[in-house]
Amino acid sequence: MINLFVPGRLCLFGEHTDWAGHYRTMNADILPGASIVTGIEQGIYAEVEKSPIFEMYSDAPEISSEWSDFSCRMNEAELKSVAKSGSFFCYCAGVASYMLEWYKVGGVRIRITKMTLPMKSGLSSSAAICVLVARAFNKLYKLNLNTLGEMNIAYLGELRTSSRCGRLDQACAFGVKPNLMTFDGDEIEVKTLNVKKPLYWVFADLCASKDTIRILSDLNKSYPFASNEAERNLHKALGEWNHEMVNRAIGYMANGDAEALGALMTEAEKKFDKYVAPMSPALWAPKLHEVLKDPQIQPLVYGGKGVGSHGDGSVQFLARNADAQQQLIDYLNGQGMRAYALTLHPVHTVRKAIIPVAGFGTRLYPATRALKKDFFPIPCADGMVRPVILILLEELVKSGVEEICLVLGSEEERLQYTEFFERQLSEEHLHKLNPEAQEYENRILDIGKRLRYVYQHEKRGFGHSVYQAAEFAGNEPVLLLLGDTIYRSTTNKPCALQMIEEYEHYNQLMVSIHTVPLAQVSHYGILSGVWENKERSVLNVSVMNEKPKASYAEEFLGVRNKEGKKEYYSVFGQYVLTPEVFAQLAADIQKADEDGDMTREIELTAALEAVRQKSGMIGVRLNGKMYDMGNPKALRDCVNQFGD
């Protein structure tokens with residue numbers, strides 16, 4: 001049994017440009033479409049499991065009036081017949097028929113447990129149900145489709161019905177976050193956008209009427225080639241003028257300029273009314289414009305515009321703050337509309353890091369009798385010789401990390417760190433240093449101000465060590481580095497900063513990955529999955545297999561590179577841990593304690609896998625090289641190569 005949630009979607013800017021951009025296949029002068037689309041907080045919740053047939057049930061009271069349980073054999077002709085019937089379940093059957101035809105899957109049982117998404121309100125409830133069905137097949141039958149693949153199948157499945165959905169409708173597949181979608185002929189690209197400050201949207205069903213089929217039919221008459229001035233202006237409105245507004249919107253969102261973003265919404269609506277609306281009588285929208293100009297609303301908002309295909313379907317506003325958002329919802333509901341809140345929150349950036357350094361360093365004995373392994377000296381490219389821990393801490397500081405927690409084995413070990421990072425050199429030694437080195441001494445002391453310490457008094461595994469920093473992490477994402485591994489970036493961005501920037505896009509449990517030869521996979525934990533981007537640097541992890549045999553890895557765990565050849569990926573040594581990981585570690589420790597097994601090792605890998613199964617995991621291939629110095633050979637290689 002798998003639990004799924006798929007939200008509805010709201011197009012913030014760039015409506016109609018998905019189908020317009022498709023016409024580039026016929027007219028290269030048409031610019032690619034560009035839309036800013038976000039999932040919303042309302043959506044469909046479901047439990048899914050395998051079944052011999054395709055069946056759908058509902059426990060959700062929100063749709064009980066239209067719902068009657070549905071089942072159908074996994075037969076292509078029968079499913080296609082239901083898809084064309086126009087019935088309540090036609091969308092679901094359309095996707096199921098596509099899955100059967102192309103992937104030869106069995107059936108699924110889908111039980112809708114909750115439905116908070118309003119239907120027939122321009123928020124793509126049909127697209128959401130299509131994505132839900134596609135995702136259910138993908139997860140249950142381990143098809144290894146990435147999010148874009150699920151979105152495309154949902155679109156193709158919906159096309160098997162009488163619906164003529166747009167390509168941006170299935171953006172709900174990407175969750176509740178704003179995305180820039182680019183439509184270049186048959187190609188689609190999706191890029192997650194950053195939001196600096198909370199943005200308080202309100203959208204509402206106008207409870208009027210609109211004719212989407214007529215709107216699309218009328219507008220499509222001007223494509224692929226414009227034959228008069230009005231049609232040329234339509235091409236510009238959905239092309240170059242739209243690109244300019246979308247780029248401005250992206251900048252305003254990244255800078256947290258809500259006032260300018262709201263004004264841009266109003267500007268976009270005026271341009272739509274001037275150049276797009278005259279092309280179809282169905283775009284005459286008296287109710288929409290009455291609401292947009294309502295004097296009771298103006299003090300509460302920065303701006304507003306229509307939604308989706310426009311007409312008298314839905315309206316959206318950017319409220320001034322959370323209180324204004326609620327006041328606006330209450331007012332619109334009181335005017336006979338159905339209003340909803342959408343708050344786009346900034347993604348938590350990573351400002352904390354953890355480095356466990358509690359281990360004794362048995363493989364480096366007897367040197368570790370005198371010096372902890374994270375203080376072993378490493379020659380660097382600038383001619384300095386730094387201890388391992390300083391190299392790690394400098395990488396974190398360069399990456400914008402504000403607080404760093406070291407997990408030590410005992411309070412006594414702290415003395416070595418406080419001596420190094422908090423105590424000024426004696427005047428005698430300081431004067432022997434050149435001016436650059438004297439300035440560097442201040443940087444070391446500044447790093448010391450960022451350090452916090454916790455202790456692992458019981459040696460119960462790596463996961464137990466990491467858990468000692470749970471209170472330090474709080475309810476924030478936190479970067480985890482290994483105390484006996486250092487990294488050298490091959491770009492101008494430290495490896496840690498590359499991780500942080502990817503987390504800001506995906507907001508999910510994240511591990512860094514790198515390739516290992518097939519002959520060595522039995523020494524590593526191997527991760528497999530599907531690439532989320534064209535660059536093949538972001539992997540949606542679907543499998544974690546600890547030290548597999550080479551024959552098994554070759555058959556089941558390979559990931560195709562750009563040349564189509566299989567590669568094998570292991571953890572690179574950096575992680576972004578979410579609060580769910582610490583909750584899982586706490587549960588694992590509690591279970592071991594309740595079982596009376598105080599010697600059971602609490603492994604981080606097991607906790608990561610549990611979180612991956614519940615909410616997913618992203619693997620990031622960093623531009624850099626990892627140097628492990630936890631054993632004599634690795635230490636020798638690190639000393640010889642790191643400073644090159």
Side-chain angles (χ1 to χ4, degrees), residues 4-11 15-16 18-19 35 37-46 48 54 56-58 60 62-68 70 72 79-99 108 110-112 114-138 147 150-176 181 188 203 205-207 209-217 307-311 313-314 338 340:
L4 298 178
F5 167 73
V6 178
R9 71 99 183 102
L10 180 67
C11 182
E15 43 278 294
H16 289 296
D18 51 342
W19 59 258
S35 304
V37 191
T38 180
I40 58 178
E41 295 162 13
Q42 295 73 28
I44 307 172
Y45 299 78
V48 302
F54 181 59
M56 298 194 66
Y57 305 94
S58 174
E62 299 87 357
I63 53 175
S64 58
S65 62
E66 298 193 50
W67 188 280
S68 59
F70 168 80
C72 181
L79 288 168
K80 285 184 175 179
S81 176
V82 175
K84 290 296 185 184
S85 70
S87 71
F88 188 78
F89 295 98
C90 64
Y91 303 108
C92 310
V95 177
S97 70
Y98 187 93
M99 282 293 189
V108 300
I110 299 176
R111 182 174 295 279
I112 308 294
K114 187 179 180 182
M115 177 81 166
T116 58
L117 177 63
M119 303 179 72
K120 301 178 182 178
S121 300
L123 301 171
S124 291
S125 55
S126 61
I129 197 72
C130 288
V131 169
L132 176 69
V133 174
R135 185 161 293 167
F137 279 105
N138 185 29
T147 308
E150 292 176 343
M151 186 188 85
N152 284 332
I153 288 174
Y155 171 73
L156 294 169
E158 188 167 353
L159 285 184
R160 294 189 169 192
T161 73
S162 58
S163 169
R164 285 298 170 259
C165 56
R167 295 307 302 263
L168 63 77
D169 288 349
Q170 281 74 24
C172 52
F174 291 90
V176 186
M181 300 185 71
I188 299 177
F203 57 93
D205 182 352
L206 294 170
C207 298
S209 63
K210 71 171 183 176
D211 187 345
T212 302
I213 294 176
R214 174 71 185 277
I215 292 170
L216 294 175
S217 175
V307 172
S309 56
H310 276 56
S314 297
R338 293 194 295 268
Y340 305 88

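In this text, all values refer to a predicted model and were calculated from it rather than measured experimentally.
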Quick one: closest heavy-atom pair of Ala173 and Met151, and the distance? CB-CB, 4.1 Å

Least distance between heavy atoms, Ala60 atom then Met115 atom: CB-N, 3.8 Å

Do Tyr91 and Val133 come close enough that some side-chain heavy atom pair is under 4.5 Å? no

Apply side-chain contact (heavy atoms from CB on, under 4.5 Å) to Ile40 and Tyr340, showing your working. CA-CA 9 Å; Ile40 58 178; Tyr340 305 88; over 6 Å; no

Student check: side-chain heavy atoms of Lys84 and Cys90 closer than 4.5 Å: no

Residues forming a side-chain hydrogen bond (donor to acceptor under 3.5 Å, both in side chains) with Ser85, sequence neighbours excluded: Ser87

With sequence neighbours excluded, residues passing side-chain hydrogen bond (donor to acceptor under 3.5 Å, both in side chains) with Glu150: Arg135, Asn138

For the student: nearest non-hydrogen atoms of Cys172 and Arg9, plus distance: N-CB, 4.1 Å

Identify, with sequence neighbours excluded, every residue that meets side-chain hydrogen bond (donor to acceptor under 3.5 Å, both in side chains) alongside Asp211. none

Residues that Phe5 engages under ring pair (Phe, Tyr, Trp, His ring centres under 6.0 Å), provided they are two or more places apart: Tyr45

State, to 0.1 Å, how close Ile153 and Ala134 come at their nearest heavy-atom pair, and which atoms those are. CG2-CB, 4.1 Å

Mind checking what makes side-chain hydrogen bond (donor to acceptor under 3.5 Å, both in side chains) contact with Tyr57, not counting sequence neighbours? Glu55

Non-hydrogen atoms of Ser35 and Glu15 that approach each other most closely: OG-N, 4.5 Å

Does Phe70 have any ring pair (Phe, Tyr, Trp, His ring centres under 6.0 Å) partners at least two apart in sequence or in another chain, and if so, which? Phe89

Gly43 backbone acceptor or donor facing Thr116 side chain under 3.5 Å: yes

Over all heavy atoms of both residues, which pair between Cys92 and Ile129 is shortest? Give the atoms and the distance, please. SG-CG1, 3.5 Å

